[in-house]
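Every value quoted in this text rests on a predicted model; they were computed, and no experiment measured them.
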Amino acid sequence: MNKPKIDLAQPVTSSSQHATPVYPLGLLLSLYVAQGLPAGFITQALPAILRQHNVSLTMIGFVGFLLLPWALKFLWAPVVDRHYRASVGQSRSWIVPTQIGAALLVASIAWIDPARLSDPAVLLPFFAMLFVLNLLGATQDVATDGLAVRMLGTHLRQWGNAVQVTGYRLGLIIGGGGLLLVLGTWGWMPVFLAMAGLIALNTLPILWFREPVWPHTLPQSQPSEAKAKATWWRRFQVQFGYFWHSAEMRAWLTVLLVFKIADGLSSSMVKPMMVDMGYRLEQIGLLASIIGSASSLIGAGIGALLIRRLGRFTALISFNALQALCTGLYALAAWRFEVTGFANTWLVFGVNAIEHTAGAMALVALLTLAMDYARPQRAGSDFTFQVCMVTLIGGTGHLVSGVLADQLGYGWHFVLSACVGIVLLWPLLRWGRIYQSNALLIRPYMSLQRRSNQ
């Protein structure tokens, strides 16, 4: 079979706004689905599985450590941007091996006995395997995000990010809720072998893709003597100093750092709460992971539509406020269960669906702005740095969530999460004032591209 020859050397411009780039969006969809499959297991299914096997809430909270590669991937993002085989492609050089490695690692997890997960001698090596899996996924994400920024013109970025959220959520649905739904029937080994096969299947589109040489590609040059003598901090400033060179960029960096704190506090305790309410893994897989993640797909589409109508700032602040309020609704479900001893299924899973919808809307808005702020010649590094800043502090919410839920109970824990989300709207408002006041000025690397596309 001949590889399709897709000419994507230039981003789609406003002159082709009505020509939908089906293949690029389909390619990105497959890459984010492959990325979401193991992530769905770790973030959606694993907390419920660990709780079912009598692992403490504190240990479940430590699953946040497994997500560390997603917070630190900006450290090796410049390597991904600069080092590659030109004959293979700037992004393909990294995406293909990381996805193959992830498929092999997921297949190896099939041989673990889940009944022994409460034993630290089994749990810790299992966590180590998942850490490596996240390392592969984070590296693939750097290359994929760079590919997305280079392929998509400014007017298509909200749709590109909707595809990103959609593909990733589809992966979460299959790897999280789908896994829980069939785990009891299929068994541990067949489920993970099937997941490995799906990752391999979603590797086929990138294998068939002929990646062009991009206009703003950084040259692959040998380091000069001056670069070799430069300190690590100096090299870091050269690479990422763009993000604190002005008041607007410093305010935006603050937004990135606080964006996921409230979500990190709440999300890791939702599935354990459902287990403690008496729901089976199959029920959680269907009603929470699948329906909740499907709601995210709806939210991604709604967000992409509203961003253009509302504008980037209004959409970001509105969607983020909505998600914070929806997080607090989990407290109603928790308190009702404490008072009556019975869980209201419509309330529990309805709140879950609404919160997933609002969360996807907020994420699409944030990622669209992150693409706007990414410089074309450092697309992968800049976009990755921004996403890492979101994860870096937000991940601390996961780490302390188990301790807080143990001490406060589920109800007050979710109230605290909602209050934190409301308070942290202030950095968004501060950035928004600067962003809007600079609306008529030429922003570095951003306004120039917008003007060239008109």
Side-chain angles (χ1 to χ4, degrees), residues 14 17 25 28 32 145 148-149 152-169 243 248-249 251-263 267 293 295-329 353-374 382-383 386-387 389-391 394 418 420-441 443 445-447 449-450 453-454:
S14 59
Q17 283 184 2
L25 293 179
L28 293 175
Y32 287 116
D145 288 342
V149 173
L152 301 176
T154 303
H155 72 284
L156 283 175
R157 284 178 177 169
Q158 68 267 31
W159 293 110
N161 283 297
V163 166
Q164 175 179 354
V165 173
T166 298
Y168 189 74
R169 289 293 179 175
F243 288 99
E248 179 180 343
M249 296 307 296
W252 175 244
L253 185 60
T254 304
V255 170
L256 296 173
L257 288 171
V258 305
F259 185 79
K260 275 285 187 180
I261 291 178
D263 181 69
S267 61
S293 295
S295 300
S296 297
L297 306 185
I298 298 173
I302 294 173
L305 288 170
L306 291 180
I307 286 171
R308 190 162 187 171
R309 178 178 294 273
L310 298 176
R312 279 149 161 74
F313 164 68
T314 303
L316 181 63
I317 191 72
S318 302
F319 300 164
N320 206 54
L322 179 62
Q323 184 184 17
L325 293 173
C326 291
T327 296
L329 295 177
I354 294 171
E355 190 272 331
H356 274 72
T357 302
M361 293 167 65
L363 187 59
V364 168
L366 182 83
L367 295 179
T368 299
L369 279 157
M371 278 192 176
D372 286 346
Y373 279 121
D382 284 355
F383 190 83
Q386 294 175 80
V387 174
M389 293 303 99
V390 173
T391 309
V420 169
I422 295 297
V423 169
L424 292 180
L425 292 176
W426 167 247
L428 274 74
L429 291 169
R430 178 177 174 272
W431 161 78
R433 285 198 298 268
I434 303 173
Y435 177 82
Q436 291 179 315
S437 68
N438 291 340
L440 299 179
L441 300 177
R443 294 190 180 94
Y445 308 103
M446 201 167 75
S447 296
Q449 181 182 7
R450 288 175 180 169
N453 286 340
Q454 291 178 353

Q: How far apart are the closest heavy atoms of Glu248 and Trp431, and which atoms are they?
A: O-CD1, 3.8 Å

Q: Could you label the plane-to-plane angle of the Tyr373 and Trp252 rings as parallel, tilted or perpendicular, counting under 30° as parallel and over 60° as perpendicular?
A: tilted

Q: Rounded to the nearest 0.5 Å, how far does CZ of Arg430 lie from OG1 of Thr254?
A: 6.0 Å

Q: Which atom pair, heavy atoms only, marks the closest approach of Gln386 to Ala370?
A: NE2-O, 2.9 Å

Q: Rounded to the nearest 0.5 Å, what separation is found between the OH atom of Tyr435 and the CG atom of Asp372?
A: 6.0 Å

Q: Starting at CG of Leu257, measure out to CG of Leu424 and round the result to the nearest 0.5 Å.
A: 11.0 Å

Q: Looking at every heavy atom in both Met361 and Gly299, which two are closest together, and how far apart are they?
A: CG-O, 3.1 Å

Q: Using a 4.5 Å cut-off on heavy atoms from C-beta on, say whether the side chain of Met371 contacts that of Leu367.
A: no

Q: What are the two closest heavy atoms between Glu355 and Cys326, and how far apart are they?
A: CA-CB, 3.9 Å

Q: Which atoms form the tightest heavy-atom contact between Ala418 and Ala324, and what is the distance?
A: CB-O, 3.5 Å

Q: Quick check: do Leu425 and Ile317 have side-chain heavy atoms less than 4.5 Å from each other?
A: yes

Q: How close do Leu363 and Phe259 get, counting heavy atoms only, and between which atoms?
A: N-CZ, 4.4 Å

Q: Are the side chains of Phe243 and Asp382 in contact, using a 4.5 Å heavy-atom criterion?
A: yes

Q: Give, for atom CD1 of Ile354 and atom CG of Leu325, the distance between the pair rounded to the nearest 0.5 Å.
A: 11.5 Å

Q: Hey, could you give me the CD1/OG1 distance between Ile422 and Thr327, rounded to the nearest 0.5 Å?
A: 9.0 Å

Q: Apply side chain to side chain contact (heavy atoms under 4.5 Å, CB included) to Leu366 and Leu256, showing your working.
A: CA-CA 8 Å; Leu366 182 83; Leu256 296 173; 4.0 Å; yes

Q: With a 4.5 Å heavy-atom cut-off, do Phe319 and Ile307 have their side chains touching?
A: yes

